[in-house]
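Written below as C-alpha cells is the structure these notes are about.
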Amino acid sequence: MNTYAVIDFETTGLSPAQGARPTEIAVVLVDQQGIKDRFQSLMNPGVSIPADIQALTGISNAMVKKAPGVAQVMQQACKFAANHPIVAHNAAFDQKFWEVELQRLNLYQQQKFACSMLLSRRIFPELPNHRLGTLVQSLKLPNTGRSHRALADAEATAHLFLHLQQALRSRFQLASVSHALLLAIQAKSRSQLEACVLKYGGLRAEQMA
DNA sequence: TGCCAGGCCCTCTTTAGGGCCTT
C-alpha cells in the first residue's frame, strides 16, 4: 500500500474516443523514500502523429516507426505497475488511455487513480495555475528534463505527489505519513478531501483556514 | 474555416456556463 505507480502518457490526441493512441508511456514506482524504479518506452501507435503534437512532445512519426507496438508496451507497463494505486497529473486523461488500451488486451482490472492536479488545486489554490510545469517551478521541485516527455513528466509528478503528501500531513496535522498518502490517493474533490481528513484524524479544513 | 474530449470546480450557480488541464 505504501508503494504507488505514477504514470504519464504521450499520445496522438486528447481522446481515445476520437481515435487517439499512445506514443509513449512512463511508469515510476514510488514509496515514502522516493522514486525506486522506472519503466519508459516509446510505442508505435499505428496512426500518424499530428504535426502540432510532434512539435509539442518532440516525438515524431520516425521515432515511433521503429518502436514496439502498443500491445507489447502496454503489457509491460501493466506488469510493471502491478496492482499499485496509480497517480497521474490530470488523471482523467491518463486513466482513459490506460483503461482503453488494457481493455483492448483483456488486461484491464479496476485500479485506484489519484490526481495530482486536483489535489494541488485544493492544497495550493493561490498558485497562478496548476499545469505540471508551473507547479514544478512554483514549488521548486527537481528538474526532471524535457517536459512533455513521459519519463520527465512522470518523475515530476512523483516529486509533486510526495510534496503534496508532506503539505497534507503538515496542514491537517495528520498522525502519520501513511495517513497522508491514503488521503492523497482518496481525495479527488473538496468533499472527499474533507471526509478523508476527518477519517484519518486530522483537523478539519475550515479549522486550518 | 474552425472546431474537435471530458471531469472537476467556480460563480454573475443549482432549470448553467465556462475555464482549467491533459496531448
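Worth knowing before you read on, the calculation uses all heavy atoms, side chains too, and leaves out hydrogens, waters and symmetry mates. Residue numbers start from 1 in every chain, and the chains themselves are labelled A, B, ... in the order their sequence lines are given, proteins ahead of strands.
B:dA5 sits 11 Å from B:dT23 when the C1' atoms are compared, rounded to a whole Å. Atom P of B:dT1 sits at a distance of 25 Å from the matching atom of B:dG19, rounded to the whole Å. Rounded to whole Å, the separation between the P atoms of B:dT14 and B:dG18 comes to 13 Å. With C1' as the reference atom, B:dC4 and B:dC10 are 25 Å apart, rounded to whole Å. Comparing the C1' positions of B:dC9 and B:dT13 gives an interatomic distance of 11 Å, to the nearest angstrom. Straight-line distance between the C1' atoms of B:dC12 and B:dG17: roughly 11 Å, to the nearest whole Å.
A:Phe124 pairs by the ring pair (Phe, Tyr, Trp, His ring centres under 6.0 Å) definition with A:His163, not counting sequence neighbours. In terms of the salt bridge (charged side-chain N to carboxylate O under 4.0 Å, His left out) criterion, residue partners of A:Arg21 (sequence neighbours excluded) are, by chain and number, A:Glu101. Scored by the side-chain contact (heavy atoms from CB on, under 4.5 Å) test, A:Leu14 finds A:Phe93 as partners (sequence neighbours excluded).
In the hydrophobic clustering, where aliphatic and aromatic side chains (Ile, Leu, Val, Met, Phe, Trp, Tyr) are joined below 4.5 Å either directly or transitively, A:Val100 stands alone. The hydrophobic cluster analysis finds A:Leu56 isolated: no Ile, Leu, Val, Met, Phe, Trp or Tyr side chain comes under 4.5 Å of it, directly or through other members.
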- [ ] Decide yes or no on side chain to side chain donor-acceptor pair (under 3.5 Å) for A:Glu99 and A:Gln95, but give the supporting numbers first.
- [x] CA-CA 6 Å; A:Glu99 292 180 352; A:Gln95 186 173 4; 3.0 Å; yes
TODO: Any chance you could list the contact pattern along nucleotides 18-23 of chain B? Use B for base contacts, S for sugar-phosphate-only contacts and - for none, protein heavy atoms under 4.0 Å, 5' to 3'.
DONE: --BBBB
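Residue pairs meeting the ring-ring contact (aromatic ring centres under 6.0 Å, His included) criterion with at least one partner in residues 47-70 of chain A, sequence neighbours excluded, are absent. Among pairs with a residue in residues 127-136 of chain A, those fulfilling side-chain hydrogen bond (donor to acceptor under 3.5 Å, both in side chains) read A:Asn129-A:Thr134, at least two apart in sequence or across chains. Pairs passing the salt bridge (Lys or Arg N to Asp or Glu O under 4.0 Å) check and including a residue from residues 141-150 of chain A, sequence neighbours excluded, read A:Glu24-A:Arg149.
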What pairs of nitrogen or oxygen atoms, one from the protein and one from nucleotides 12-14 of chain B, lie under 3.5 Å apart?
none

With the criterion being N/O to N/O and under 3.5 Å, what pairs connect the protein with nucleotides 1-3 of chain B, and how long is each?
none

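Across residues 59-68 of chain A, not one residue has a non-hydrogen atom less than 4.0 Å from an atom of DNA chain B.
Side-chain N/O atoms of A:Lys36 and A:Thr3 include a donor and acceptor closer than 3.5 Å. Side chains of A:Ser116 and A:His89: a donor-acceptor N/O pair is present below 3.5 angstrom, by distance only.
Exactly one residue among A:Asp37, A:Thr157, A:Leu151 makes a side-chain contact (heavy atoms from CB on, under 4.5 Å) with A:Val28. That residue is A:Leu151.
Considering every non-hydrogen atom in both A:Val70 and A:Pro45, the closest pair reads CG2-CA, 3.8 Å.
Rounded to an integer number of Å, the gap from A:Phe97 CZ to B:dG6 P is 11 Å.
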